[in-house]
Amino acid sequence: MERAVNEPSGRGALEKALALLTALAAPGGPHRLADLAHAAELAKPTAHRMLRTLVESGFARTGGGTYQVGPHLLGMAAAALASSREGRFVRPVLEDLQRQAGHTVHYAARSGDSAVYLDTVEPRQAYRMASRVGTEVPLYCSAVGRAILAGLPASEVAAILDAGPLSARTPYTTTDPDEIRAALAQVDERGYLVEDEQNEVDVRSVAAPVIDGVGAVVGAICVSGLTFVLNRESAHMIGPLVRDAAAALSAAFGSGTVRAVEDDEHVR
């Protein structure tokens, strides 16, 4: 049985198109028409009509009754990333950090109350993290999100943590704002924080904030691994590497020059 969708009133054609493109680019594609319509809060006929236009213009592709991002949109995304500071500076720092830490490495930027993964470097191993480029995670319970929160003014942190009840993403998610604030203090003490299964079961992450040239937090770097591989002792050994990588990227954003993360013979 298909889900009925009530379109929000007052949205213009551009807002509807942007909502549909966001749904189209979400992880897990190719996507069915019904799922795209539901995610974009559009009636199925409206979504189908708009998708037809997107396919004709190269922004979407279709086949087998499903839709995915098309070559025109992929080309625009690649061009935008290549010309951005993330494209110029982030990848070298992530690759260097992954080589030293041995686990999956992410860079994420803030988007409202969430953090969005913009780049990921994974090791050659049997398992892969669920997080992918484009994935959004809450600021209050993810490692990258908490690292970003730790760099925000207290008023912005309060607006995020105290706006209403926070939902538990796992059985271990902390939803008490005061306990979350206490966890954020790790960044002041060590320059990084460790997050245990707050956003994803069986995953431990180490994160540090990235600062721009005027001192504002713009994102975060994190190393993630399965808890039975990345134990707490290892996480704290990797912590200084994550802190140094974030500092290197912060310096690059401020000066326009990227440097390699210093090697640490104690972390393998």
Side-chain angles (χ1 to χ4, degrees), residues 26-27 81 84-87 89-91 93-98 101 103-123 128-153 156-157 160-161 166-167 169-170 172-175 180-212 216-227 230 235-236 238-250 252-253 261:
L81 184 59
S84 70
R85 62 184 181 183
E86 283 81 8
F89 301 136
V90 171
R91 173 57 59 142
V93 172
L94 294 191
E95 289 178 342
D96 206 36
L97 178 58
Q98 195 286 314
H103 300 279
T104 300
V105 179
H106 302 289
Y107 174 73
R110 182 187 178 189
S111 176
D113 293 348
S114 301
V116 181
Y117 291 114
L118 298 185
D119 203 356
T120 297
V121 179
E122 293 190 296
R128 296 171 66 88
M129 297 290 101
S131 50
R132 295 285 183 272
V133 171
T135 299
E136 292 190 27
V137 291
L139 293 181
Y140 68 89
C141 65
S142 62
V144 288
R146 287 185 172 187
I148 292 170
L149 276 179
L152 293 178
E156 290 190 53
V157 175
I160 293 168
L161 298 184
L166 302 174
S167 61
R169 305 261 294 184
T170 77
Y172 312 102
T173 304
T174 300
T175 57
I180 295 172
R181 286 185 174 91
L184 302 183
Q186 294 180 68
V187 175
D188 290 333
E189 297 166 4
R190 307 186 183 105
Y192 66 89
L193 57 82
V194 176
E195 175 261 299
D196 290 326
E197 302 185 86
Q198 293 285 312
N199 182 63
E200 187 178 350
V201 173
D202 296 329
V203 173
R204 176 173 288 119
S205 300
V206 189
V210 174
I211 310 300
D212 68 10
V217 62
V218 292
I221 286 179
C222 84
V223 170
S224 297
L226 298 179
T227 52
L230 180 58
H236 284 292
I238 288 172
L241 289 179
V242 179
R243 178 191 62 208
D244 291 348
L249 193 52
S250 297
F253 284 175
V261 181

### Task
Report yes if the side chains of V218 and F253 come closer than 4.5 Å at any heavy-atom pair, otherwise no.
yes
### Task
Test side chain to side chain contact (heavy atoms under 4.5 Å, CB included) on L118 and V90 and set out the steps.
CA-CA 9 Å; L118 298 185; V90 171; over 6 Å; no
## Note on the structure
When rounded to the nearest 0.5 Å, the distance separating CG of L139 from CD1 of I148 is 6.0 Å
### Query
Looking at side-chain heavy atoms only, is the closest gap between V93 and I221 below 4.5 Å?
yes
### Message
Taking T120's backbone N and O only, do any of them form a donor-acceptor pair with R91's side chain (distance below 3.5 Å, no angle check)?
### Response
yes
### Message
Could you go through V217 and R110, starting from their C-alpha distance and side-chain angles, then the distance that decides it, and tell me whether this counts as side chain to side chain contact (heavy atoms under 4.5 Å, CB included)?
### Response
CA-CA 9 Å; V217 62; R110 182 187 178 189; over 6 Å; no
### Task
Would you confirm whether E195, through its side chain, and E197, through its main-chain N or O, come within 3.5 Å as a donor-acceptor pair?
yes
### Query
Is any side-chain heavy atom of P123 closer than 4.5 Å to a side-chain heavy atom of H103?
no
### Task
Would you sort out whether I180 and L166 count as a side chain to side chain contact (heavy atoms under 4.5 Å, CB included), showing the intermediate values?
CA-CA 11 Å; I180 295 172; L166 302 174; 3.6 Å; yes
#### Entry: Close side-chain approach of F89 and L249, heavy atoms under 4.5 Å
yes
#### Entry: side-chain hydrogen bond (donor to acceptor under 3.5 Å, both in side chains) evaluation trace for S111 with S114
CA-CA 5 Å; S111 176; S114 301; over 6 Å; no
### Summary
To the nearest 0.5 Å, atom CD of E122 lies from atom OG1 of T104 at 4.5 Å
### Query
Side-chain contact, heavy-atom cut-off 4.5 Å: Y140 with S167?
yes
### Message
Restricting to non-hydrogen atoms, name the atom on A245 and the atom on L97 that form the minimum distance, rounded to 0.1 Å.
### Response
CB-CD2, 3.9 Å
### Task
Taking the side chain as every heavy atom from C-beta outward, state whether V242 and C222 have any pair of such atoms under 4.5 Å apart.
no
### Task
Locate the shortest heavy-atom distance separating G191 from A208; write the atom from each residue and the value.
O-CB, 3.4 Å
### Task
Carefully, step by step, assess R204 and S224 under the rule side chain to side chain contact (heavy atoms under 4.5 Å, CB included).
CA-CA 6 Å; R204 176 173 288 119; S224 297; over 6 Å; no
### Query
Short question: side chain of Q198, backbone of T174 - any donor-acceptor pair under 3.5 Å?
yes
### Query
Minimum heavy-atom separation for V137 to S142, with atom names?
CG2-OG, 3.4 Å
### Query
For the atom pair CG (D202) and CG (L230), what is the distance rounded to the nearest 0.5 Å?
12.5 Å
### Query
Hey, what's the ring geometry for H106 with Y117, parallel, tilted or perpendicular (30° and 60° as the breaks)?
tilted
### Message
What I'd like to find out is whether the side chain of N199 reaches to under 4.5 Å of the side chain of T173, using heavy atoms alone.
### Response
no
### Query
Which heavy atom in A150 sits nearest to a heavy atom in V187, and how many Å separate them?
CB-CG2, 3.7 Å
### Query
Would R146 and Q186 count as a side-chain hydrogen bond (donor to acceptor under 3.5 Å, both in side chains) if you check the C-alpha gap in whole Å, the side-chain angles of each, and the deciding distance to 0.1 Å?
CA-CA 10 Å; R146 287 185 172 187; Q186 294 180 68; over 6 Å; no
### Query
Got L149 and I160 here, is their nearest side-chain heavy-atom distance under 4.5 Å?
yes
